[in-house]
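Convention: sequence-line order gives letters A, B, ...; per-chain numbering from 1.
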Amino acid sequence: MFEPRSRAYLTDPNAFEQAILSVWEQDDLLAQTAAARKDADPFVFYEGPPTANGRPGIHHVLARTLKDSVCRYQTMRGKRIERKAGWDTHGLPVELEVEKQLGISGKPDIEKYGLLPFNEKCQHSVFTYKEEWETLSKRIGYLLDYDHPYVTFHKDYIESVWFLLSRFAANDLLYLGSKVLPWCGRCGTGLSSHEVGQGYLDIDDPSVWINFPLIDAPGKLAGAALVAWTTTPWTLPSNMGVCVHPDFEYAIIEHDGGRYILLESKAQGVFGEDGWEVVGKVKGSELRGLSYTPLFDWEGGRVVHEGPNHHIVVVDDFVSDEDGTGMVHMAPYGADDFRIAQRDGLQAVLAFGDEARAVAEIAGVALGTFFRDANKAFVRDLKERGRLLRISQYRHSYPHCWRCETPLIYYPSPAWFLRTTAYKDQMVEGNKHICWAPAEIGEGRFGEWLENNIDWALSRDRFWGTPLPVWVNEDDPEDWICIESFKQLEHYAGDLGENFDPHRPVVDEITFPTPTPGKSGTMRRVPQVIDCWFDSGAMPLAQHHWPFENRERVTEQFPASFICEGLDQTRGWFYSLHAVATFLTTHDTSLWESGELWGQPLPRLKPGGAYESCMVNGLLLDKDGVKMSKRLGNIVKPADAIKEHGADAIRWGLLAGGAAHLSRRYDDKGIAEVRRRVLGTLSASYDFFALYARMENWRADDPCPDRSEREPIDRWVLSQVATAAAENAAAWESLQPANALRSLETFIVDELSNWYIRRSRRRFWGAEGEASQAAAFATLYEVLQATLRMAAPVIPFLTDALWKELTGSNESVHLQLFPDANHAEDLVAGAIDQPLSEAMDPILRASSLGRGIRERVQIRVRQPLAKMVVHIANEGKLGGSPRAYEAAIREELNVKQVEWVDGTPDFLQVKAKPNFPRLGKRAGKDMKALSAAIAQLDRATVFDLQGGGTVDVSVGDNVYTLEGDDISLQTESAAGMEASTDGFVTIGLVTELTPELEREGLAREILNRLQTQRKESGLEVQDRIAVRLRGSAEVQAAVEEHGPWIAEEVLAPQGLTWVTEIDADSNDAFRDWELPNNQKLSIAISKITLETA
RNA sequence: GGGCCAGUAGCUCAGUUGGUUAGAGCGUCCGCCUGAUAAGCGGGAGGUCAGAGGUUCAAAUCCUCUUUGGCCCA
């Protein structure tokens, strides 16, 4: 107990923290916490599952620290929190990682390698980094149940996901549609956006302008042709429509006997400088639904969307007026195109199929021609038939297959969708009840995304993922079923066996006769797996194998009170959680109707989204503001940083470094600063306490004065710590940890260490009497306890170590409650004393001003001064009187007398300033003139206003009656002495020195040299000494006058011995010092034991 | 191309019902204190609040545009 710890901590924070960590593991802190909060109200936290297929970086430390700190805070508010770890284990990144390991790439390679061994590798790979993640997470103090994680590839987890999908199917929200995907014809495979991103190349393509003659167009449009532009002539046979912007105004242009429609600004690019004229205008929306003559006459092809409309004008605002003509040729090889085709019922037919080769003979292009090789023939044909207006070359960046460098096509493939648009309104409504930090994310980024919701493309043509549990009748594509459980599958397909693994390819082998009455045929699973975002979105339910098990538990643990992830999760996990939960709890009414499922009660889950609050954190950049990446080699390795600074300093640095949601820079120097300035000060404050508590044999149960009996500065620091606790709690509740840390840092550094402890030091060694000493010990003891509890959520290691030393207990600080001045049981109950805090503020200001004056006039603080005057503007409005702290200011500035100025002292120049918020509303436009008039008020009037009088000020025709609250008084300067002001506090120092003051100053100089020599002689603070002095006459005079005081201060019980004559033998013991004004002093010190004293 | 966010001192960042001296830490210069001592503290210098325009008696703060950077999406 009361062992000093700061040296150990500051020299090797890593070792210091490791020791605490092993105690936590030994004691099983998580279990202790759970036991302590067994019957408490739950605070529900969901851990967003990281993908364990890469090494954790310093940005993961940020996210994990935020989560941990909030959870630790809530635990200290008395809440019970389950902290279940989780792993996101499916998906493309895992497959890519394994491809890399195996030295293969692409779907054909994987199929060749074999699905079974490939998926085994995937499963294995997932946990390659698991240990590294766990070690790091534990090391940074992220308290989590790593022994019982949820894992998305586990059988139980998959079964829950299947159940949820079956609910979508039961509500007719699961359907087979088409999705336009980037496609490599040569490899015969779709590419992920991640793969597309790495394959852009510059290529030359023909740039062609085509016309589409309108059929039966009315009025001014009669005989006109639409003009569109494209760089992909091979898509022209598949033209299914022309899209215009509803709000654009198009020009009707006559050129060379023809009539054309396009944007006027684009006409020159098609028809040249002149030779054309605008003969009319037409708005995009007026063209809607018109028919035109198709470009090619051909048959065959693959129909990918059946629709009643062929070759018509459609409108959409995706059309831009930058490239092209403001009209877009629509073909099923584009995402926007396909979306519009589905919306407006366009017939969509592909001329080029799976291998990007022609599937029909068109315009002399043979069957099987590669798509880009068809461009020339099509262009020639169109030109011959007068459908081509212009052609040129166009160089642009175009996606290529990263494996074979073949240009990609965008191609509609079969895909399964969730009809999330069916309950979009519920999602938007639910979002309004989520508390977002910061709020903008919820209203803006997430809200916008929900408003523009489109159906969720759920399926993936991949291998390692939750298999889509849809079985389709081989003979009848309309006859399909979505399996809800393994039991149901067994019901149809027979025993699955003990070690059934629902992954591919095992699950692909399972077939059964169709259960649909009146139909025949074999049911076979579709080849797709599902988007792994659905896995993670299902996590609130699937983590507990709901509804197969744990129905009650899920009811309690849903929704989450709090989640926290990076900004990039807006359209990821934040959405998938929200979409799955909103469907289940607000849309799937048939599930809840009976109150039971499979003959067991099914408690209703709270309707709405999956989380009540969501904290979003931004990116962590390197120290130069550049994104960290492997390529640039600027990644900060967490292990290195921890070894250097320890986890606490990093945790504090990351959380205090700015608003959590902004991108921030990771600055190693910043972390070092935190360690020294904040954590160093906190541990040194504890050490100070510990040092004197041991020396004075202080015990926590020693009698101490009642709070109200203690000195004002004691009550002040208690008030400050209680205020800081209230501010901290408010910041944590509103998910703004940076604000909590700012307030905490101010308290620790400025208030506790630099003011309270520094001002109170003498009291701890009894220099101010026993009662004062007892009050000081009790106060600092209480304040340190409160401070440690307050800081514990952020710096769990240091606080726990100091807590155990301070309290002599083995019980962790993390089991304690957060300090709360409003809680009657609390240590700082009722300590907030606003008037006291207000009263102390001018004292701190005055000290600062006084040091500034001394600096300016070059009189050091050691030299006492006779008098200072202090004036505080609007002093009467303060809650308490600063005059109670006169002693503090006297000692701090070393002056004999403080004169508090009332009334209208002549030396003080004052100025009235308008109270703008108050007067601005009344005066409006007159404010400027009124402000000038107030500045002109004479001092008598100003002081009269302060005293409760009123004055009329006229501005133009208006007269304003001002009272005290309408102005604020500012002091400008003080005449006749060395003065300084900050506008509210003005002080003046009388700097004349009397011989008495000079002697006292000299005495302090002597004391200073004595203390220095003491220390440099290696003496302990409590050692007694004998002192011999010699020196100049003025020094001797000072010693004669102040000797007893000096002797007391340096612990020289025998007094000071002035030596005039010395013999050669003892000369060596003397050390010479230079004092100001060429005064000479020599000192000899020797240690004496108490017995000889 | 669309949505969202950000630009404040050399550096890292605070600063909203709009209110007149725009703050802190680090760095730098100068100094101080020491019974917390391999620490600590104070003072000075340093800002056209990205740029332009607008609203207002009053703008870092609200609006518009421009610009730079970031994230997500296409």
Side-chain angles (χ1 to χ4, degrees), chain A residues 4 6-7 10-11 193 317-318 320 322-323 334-336 438 440-441 443-449 451-452 566-572 616 618-619 621 623-627 653 656-659 661-667 669-670 672-674 676-678 680-681 683-692 695 738-739 742 745-746 749-750 753-754 757-758 761-762 764-765 767 847-856 858 860-862 913-921 923-931 970 982-984 1008 1011-1012 1014-1015 1019-1023 1049-1051:
Chain A
S6 74
R7 184 69 56 81
L10 289 170
T11 43
S193 57
D317 55 15
F318 96 95
S320 98
E322 302 207 344
D323 295 327
D336 281 314
E440 308 89 89
I441 305 280
E443 291 156 19
R445 205 174 175 126
F446 195 63
E448 290 281 337
W449 163 251
E451 286 291 345
N452 299 317
L567 188 60
D568 54 349
Q569 295 298 321
T570 313
R571 285 148 163 90
V616 182
L619 231 70
L621 310 171
K623 62 180 166 48
D624 300 315
V626 179
K627 188 174 173 173
H661 66 285
L662 301 177
S663 340
R664 284 155 330 131
R665 301 177 181 201
Y666 175 82
D667 183 11
K669 283 203 315 222
E673 187 187 319
V674 163
R676 194 171 46 73
R677 178 180 154 79
V678 184
T681 304
S683 57
S685 297
Y686 159 78
D687 266 17
F688 173 86
F689 173 85
L691 180 68
Y692 287 102
M695 202 181 292
N739 291 359
R742 254 197 302 285
E745 177 179 333
T746 302
V749 176
D750 294 342
S753 172
N754 273 329
I757 295 183
R758 194 163 56 81
R761 276 179 299 195
R762 300 172 59 83
F764 286 88
W765 56 86
S847 304
S848 171
L849 291 170
R851 279 190 288 260
I853 295 172
R854 279 185 171 274
E855 164 92 18
R856 195 171 70 222
Q858 291 288 302
R860 53 186 57 185
V861 180
R862 272 198 289 266
K913 273 200 131 169
N915 180 350
F916 280 95
R918 197 178 147 97
L919 282 178
K921 288 192 184 73
K925 285 187 195 299
D926 287 340
M927 194 58 223
K928 209 169 240 171
L930 183 59
S931 176
Q970 295 213 335
D982 65 3
F984 302 101
N1008 168 257
Q1011 296 287 29
T1012 308
R1014 254 191 80 110
K1015 183 190 140 205
L1019 294 167
E1020 300 289 328
V1021 292
Q1022 71 276 20
D1023 288 339
E1049 289 295 312
V1050 298
L1051 302 184

Atom [atom1], compared across [N] and [M]: separation rounded to whole Å:
N	M	atom1	answer
B/G7	B/A50	C1'	6 Å
B/A22	B/G15	C1'	8 Å
B/G47	B/C4	P	35 Å
B/C57	B/U67	P	32 Å
B/G10	B/U48	P	8 Å
B/A9	B/G54	P	25 Å
B/G3	B/G44	P	48 Å
B/C26	B/C41	C1'	16 Å

Quick check: any donor-acceptor pair below 3.5 Å linking the side-chain of A/T11 to the base of B/A38? no
Watson-Crick or G-U wobble mate for [N], both contacts under 3.5 Å:
N	value
B/U67	B/G7
B/A60	none
B/A24	B/U12
B/C41	B/G31
B/C49	none

Would you confirm whether A/R1014, through its side chain, and A/D1023, through its main-chain N or O, come within 3.5 Å as a donor-acceptor pair? yes
Please check this pair: side chain of A/T746 against backbone of A/R742, looking for a donor-acceptor N/O pair closer than 3.5 Å. yes
For A/A684, which contact category applies under a 4.0 Å heavy-atom criterion: base, sugar-phosphate, or nothing? base
Both A/R742 and A/L919 contact RNA chain B. Which one's nearest nucleotide lies toward the 5' end? A/R742
May I ask whether A/W765 stacks on the base of B/G35, given the cut-offs of 5.5 Å between ring centres and 30° between planes? yes
Is A/R860 close enough to B/G31 that one of its side-chain N or O atoms is under 4.0 Å from OP1 or OP2 there? no
Rounded to the nearest angstrom, tell me the gap between atom CG in A/N754 and atom P in B/C32. 18 Å
